[in-house]
Every structure is written in structure tokens, then in C-alpha cells.
Amino acid sequence: MNHRDRILAAIRHQPLDRPATDIWATPEVWDKLLAHFDVEDRLAVYDKLGIDGIMGIAPPYVGPKLSIDPAWPAGFTKDAWGMGYQAQ
């Protein structure tokens with residue numbers, strides 16, 4: 001089963017040879033993975049780790065305006081899930 005077949009089977013709730021995988025990492029973790037595998041792009045890391053899904057496609061947020069807590073330090077923002085983070 002290749003990466004595409006595995007992702008499609010997972011979406012369709014069909015049997016898999018193994019769980020489909022994805023990776024979400026901070027810029028610092030990506031830097032360490034690139035150095036560890038001695039590669040220059042993230043796709044090479046996906047290949048080295050056997051990652052199936054390359055996500056990152058998301059619809060734009062169209063809900064109510066997100067309020068920022070005035071107690072947060074400068075540069076912090078809030079996402080659609082209400083999670084605060086420092087914008088990069």
C-alpha cells in the first residue's frame with residue numbers, strides 16, 4: 001500500500017496495512033530533523049520517516065472576530081480554536 005492509497009483508505013474507513021501518519025512540528029523541531037537526517041527540505045524528512053500525509057491545506061477562518069487577551073505579550077495571537085500562540 002502506498003502513501004496515497006493509505007490516506008484514501010483511512011478516509012474511507014477501510015482496512016490499512018498500518019496507521020496513516022502525518023507530522024506537525026515547530027520550526028525548531030523541523031530544524032533539528034533536517035540536521036539529523038542531513039537533508040535540506042521537509043519532503044526529504046517525510047520520506048526518511050515514511051510519513052504518509054502532507055497536510056497544510058485549510059480553509060480560511062470566516063467566524064466572528066477573534067479577541068486577543070490584553071494580558072498576552074506583544075506578538076501573541078489566537079487561532080480559530082481559541083489557542084494562543086506567538087506568531088512567527
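Each residue takes its place number in the sequence, starting with 1.
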Worksheet item: Looking at side-chain heavy atoms only, is the closest gap between Asp52 and Asp22 below 4.5 Å?
Response: no
Worksheet item: Run the ring-ring contact (aromatic ring centres under 6.0 Å, His included) check on Phe37 and Trp30 step by step: do they pass?
Response: CA-CA 11 Å; Phe37 290 115; Trp30 275 113; 10.0 Å; no
Discussion item. Are Leu49 and Val45 packed together at the side-chain level, in the sense that at least one heavy-atom pair is separated by less than 4.5 angstrom?
Written reply: yes
Worksheet item: Considering all heavy atoms of both residues, which atom of Ala20 and which atom of Ala10 are nearest to each other, and what is their separation?
Response: CB-CB, 4.3 Å
Practice prompt. Compare all side-chain heavy atoms of Arg18 with those of Met1 and state whether any distance is below 4.5 angstrom.
Written response: no
Worksheet item: Heavy-atom distance under 4.5 Å between the side chains of Leu34 and Glu40, does that happen here?
Response: no
Item to complete: Hey, could you give me the CG/NE2 distance between Asp31 and His36, rounded to the nearest 0.5 Å?
Response: 14.5 Å
Discussion item. Testing Asp47, Asp41, Val39 one by one against Leu43 for a side-chain contact (heavy atoms from CB on, under 4.5 Å), which residue passes?
Written reply: Asp41
Worksheet item: At what distance, to the nearest 0.5 angstrom, does CZ of Arg12 lie from CD1 of Ile7?
Response: 11.5 Å
Response to the item:
Here the pair of heavy atoms bringing Val29 nearest to Ala25 is CG1-CB, 3.7 Å
Practice prompt. For Gly50 and Thr21, work out which heavy atoms get closest and say how close.
Written response: O-OG1, 3.5 Å
Discussion item. Would you say CG of Asn2 has more than 12 non-hydrogen atoms from neighbouring residues, nucleotides or ligands within 6.0 angstrom?
Written reply: yes
Discussion item. Could you tell me if the side chain of Ile23 sits less than 4.5 Å from the side chain of Leu33, heavy atoms only?
Written reply: yes
